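Heads up: the structure comes next, in structure tokens.
In this text the structure is predicted, and so the values were computed from the model without any measurement. Here, residue 1 is the first one in the sequence, and each next residue gets the next number.
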Amino acid sequence: MSSALARPMLRAPMRIAGRRAESTASNAASKAQQGLSKVTSAAGPAIAGAARGVGNALGKIGGRTGRLIGFIQAQTPFVTYYGKVGLELSKLVFQGQKMSPPSLATFQTTYQNLWARLQKGSISPQSILQQVRSIGTPQLAAGGVVLAECLGFFTVGEMVGRFKLVGYHGEVAHHH
């Protein structure tokens, strides 16, 4: 038998073995994923039950500590909700302004330099004034836009909070 005919015959079992290994690996991965989802679904109610048990135990504490715990538990949904709203709002502002967070290296370099300057005492009012004077027009424009957006969101929040467009409810002034 010639070597040209023998090569394909020798490679065929290797290909079949490779395919079997791939299918075995994919089966193992899918079984692992199924097992993980089963564990997660079984652990979810257990964790929730444990959290309820801790919450009930904390709720039985009396006195000032009990009132503090009750207050914190009452505020948790509001803080969570408004935290998520703030996060989504900041995402919109970041995307609208085409902003991106600094890289880790830039962040570390900036704050290491700042820390070193604070330790040396080299930050003086003159250096701060010089930095303020060197701000360019595009930076001022971007800062003005962000300031206007913040003022707008604050104003809308005040209107929603008071249920009025203008003014607060106040006492009627007495004229003399």
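With contacts defined as side-chain heavy-atom distances shorter than 4.5 Å, the pair T106/S103 qualifies. For the pair F94/K91, no side-chain contact is recorded, criterion being any heavy-atom separation below 4.5 Å from C-beta on. For the pair F71 and R67, the minimum side-chain heavy-atom distance is 4.5 Å or more. Between L87 and S90 there is a side-chain heavy-atom pair separated by less than 4.5 Å. For the pair P125/L129, no side-chain contact is recorded, criterion being any heavy-atom separation below 4.5 Å from C-beta on.
Note on F107: it clusters hydrophobically with L114, by side-chain heavy-atom contacts below 4.5 Å among ILVMFWY residues. Hydrophobic clustering, with ILVMFWY side chains joined whenever heavy atoms are under 4.5 angstrom apart, groups L118 together with I128. Note on Y82 and F154: separate hydrophobic clusters, where clusters join Ile, Leu, Val, Met, Phe, Trp and Tyr whose side-chain heavy atoms are under 4.5 Å apart, directly or indirectly. Criterion: ILVMFWY side-chain heavy atoms under 4.5 Å apart, direct or through other members. Under it, L92 and V160 are not part of a common hydrophobic cluster.
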Is there a side-chain contact (heavy atoms from CB on, under 4.5 Å) between L151 and L147 once you walk through the steps?
CA-CA 6 Å; L151 180 62; L147 180 67; 5.6 Å; no

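Residue pairs that meet the side-chain hydrogen bond (donor to acceptor under 3.5 Å, both in side chains) test with at least one member in residues 107-120, sequence neighbours left out, do not exist here.
Contacts of K84 classified as salt bridge (Lys or Arg N to Asp or Glu O under 4.0 Å), with partners at least two apart in sequence or in another chain: none.
The distance from the CD atom of Q139 to the OG1 atom of T137 is 9.5 Å, given to the nearest 0.5 Å. Rounding to the nearest 0.5 Å gives a distance of 13.5 Å between CD1 of I69 and CZ of R64.
Smallest separation of non-hydrogen atoms from T76 and I72: OG1-O, 2.7 Å. In this structure, Q97 and V145 approach most closely via the heavy-atom pair NE2-CG1, 3.4 Å.
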